[in-house]
Amino acid sequence: MNSIALSPFENYNEKEGEMIMGFNNKLYELRKQKGFSQEELANRLNVSRQTVSKWEVGDSTPDMEKLIAISELFGISLDELVLDKAPEKNEDNNSKSDIVGELKEKLLTDGNKKKAKKGMKIAAIVFGAFLLVDIISMIIYFCVYGIPK
């Protein structure tokens, strides 16, 4: 009988006779889908690029803290990340959170923040001017017609 050498987190489904994607392959696929280099992923997780490389080739596996950080970064559950289990009808929530995250990255740039501040200043000045005109017109009314009783 042939034995199958499995890397950490890699499973063999005896019922269906197929390999389930191991953690190292899953990490590689997720990183490529997001367009991250090993260096970028390493920076986001506060580890070295070599550490990410070791995870991807199956020489080592991350500790629980890093697994949680990876699952949050890629917006998947730990079961999906480690056990390659399909999500349980939370796919819509994940895609919505991905869209919100992408929008935040694109819209909340420094340039847009400066424009928003400038717009708020202009709005405050306009509001102040209307308030000032209202107060002056009220004073003039009271001077001409007196204070209503």
Side-chain angles (χ1 to χ4, degrees), residues 6-11 13 16 18-149:
L6 301 176
S7 68
F9 296 6
E10 194 167 49
N11 299 311
N13 187 338
E16 297 179 19
E18 63 185 29
M19 291 297 287
I20 297 173
M21 185 183 295
F23 167 77
N24 56 335
N25 295 326
K26 184 76 170 184
L27 179 62
Y28 175 81
E29 290 298 322
L30 289 168
R31 180 176 64 80
K32 287 299 183 182
Q33 284 174 5
K34 288 283 188 177
F36 294 153
S37 66
Q38 285 184 342
E39 187 73 30
E40 288 171 315
L41 180 60
N43 288 338
R44 289 176 183 254
L45 298 172
N46 295 320
V47 296
S48 69
R49 186 206 55 79
Q50 291 82 359
T51 299
V52 172
S53 176
K54 286 180 181 181
W55 293 343
E56 287 184 356
V57 297
D59 286 348
S60 67
T61 54
D63 60 17
M64 184 56 75
E65 179 182 310
K66 294 303 178 192
L67 284 172
I68 292 169
I70 292 167
S71 73
E72 289 175 352
L73 177 65
F74 292 115
I76 62 172
S77 69
L78 285 172
D79 284 347
E80 288 176 87
L81 180 64
V82 176
L83 302 175
D84 199 32
K85 287 187 177 180
E88 296 178 12
K89 297 184 182 180
N90 288 335
E91 206 168 286
D92 290 338
N93 291 339
N94 287 340
S95 63
K96 287 178 184 175
S97 64
D98 288 343
I99 292 170
V100 169
E102 288 176 22
L103 284 174
K104 281 183 180 179
E105 284 182 24
K106 290 179 182 176
L107 296 177
L108 294 179
T109 62
D110 288 337
N112 285 346
K113 288 178 184 177
K114 288 178 183 177
K115 288 178 184 176
K117 271 188 173 180
K118 188 175 181 180
M120 290 299 288
K121 286 179 183 177
I122 291 171
I125 291 170
V126 169
F127 178 75
F130 279 120
L131 187 62
L132 184 62
V133 168
D134 191 37
I135 292 171
I136 291 172
S137 63
M138 195 168 76
I139 292 171
I140 292 172
Y141 177 84
F142 290 151
C143 288
V144 172
Y145 297 106
I147 298 176
K149 293 182 184 180

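By convention here, the first residue in the shown sequence is residue 1.
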Can you list the residues that meet the side-chain hydrogen bond (donor to acceptor under 3.5 Å, both in side chains) rule with R49, with sequence neighbours excluded?
-> Q38
Report the C-alpha separation of K34 and E40 in whole Å, then their side-chain angles, then the decisive distance to 0.1 Å, and conclude whether the salt bridge (Lys or Arg N to Asp or Glu O under 4.0 Å) test is met.
-> CA-CA 11 Å; K34 288 283 188 177; E40 288 171 315; over 6 Å; no
Under the side-chain hydrogen bond (donor to acceptor under 3.5 Å, both in side chains) rule, collect the residues that match up with S53, sequence neighbours excluded.
-> none
Check side-chain hydrogen bond (donor to acceptor under 3.5 Å, both in side chains) between S71 and all other residues, then give those that pass, not counting sequence neighbours.
-> none
Rounded to the nearest 0.5 Å, how far does CG of L83 lie from OG of S77?
-> 8.5 Å
Fit a plane to each ring of F23 and W55, take the angle between them on a 0 to 90° scale, and name the class: parallel (under 30°), tilted (30 to 60°) or perpendicular (over 60°).
-> perpendicular
Please identify each residue that fulfils side chain to side chain contact (heavy atoms under 4.5 Å, CB included) with I125, with sequence neighbours left out.
-> none
Is atom NZ of K54 surrounded by more than 12 heavy atoms (other residues, nucleotides or ligands) closer than 6.0 Å?
-> no
Which pairs pass salt bridge (charged side-chain N to carboxylate O under 4.0 Å, His left out) with one or both residues in residues 114-138, sequence neighbours excluded?
-> none
Would you check, one step at a time, whether the test side chain to side chain contact (heavy atoms under 4.5 Å, CB included) holds for N46 with K66?
-> CA-CA 9 Å; N46 295 320; K66 294 303 178 192; 4.2 Å; yes
Excluding sequence neighbours, so at least two apart, what forms side chain to side chain contact (heavy atoms under 4.5 Å, CB included) with L132?
-> I136
Ring pair (Phe, Tyr, Trp, His ring centres under 6.0 Å) involving Y141 - partner list, sequence neighbours excluded = Y145
Interatomic distance, E29 atom CD to N24 atom CG [nearest 0.5 angstrom] | 10.5 Å
Side chain to side chain contact (heavy atoms under 4.5 Å, CB included) against V126, all qualifying residues, sequence neighbours excluded = I122, F130
Distance col, row N25:CG vs L30:CG, nearest 0.5 angstrom, shows 11.0 Å
Going from NZ on K26 to CD on E56, what distance comes out if it is rounded to the nearest 0.5 angstrom?
-> 13.5 Å
Taking all heavy atoms of F74 and all of L41, pick out the closest pair and write down the distance.
-> CZ-CD1, 3.9 Å
Any idea which heavy atoms bring L67 and L81 closest together, and the distance?
-> O-CD2, 3.6 Å
Within 6.0 Å of CZ in F36, more than 12 heavy atoms from elsewhere = yes
Nearest-0.5 Å distance that lies between atom CZ in R44 and atom CZ in R31 | 12.5 Å
Taking atom CG of L131 as the centre, report whether more than 12 heavy atoms of other residues, nucleotides or ligands fall under 6.0 Å from it.
-> yes
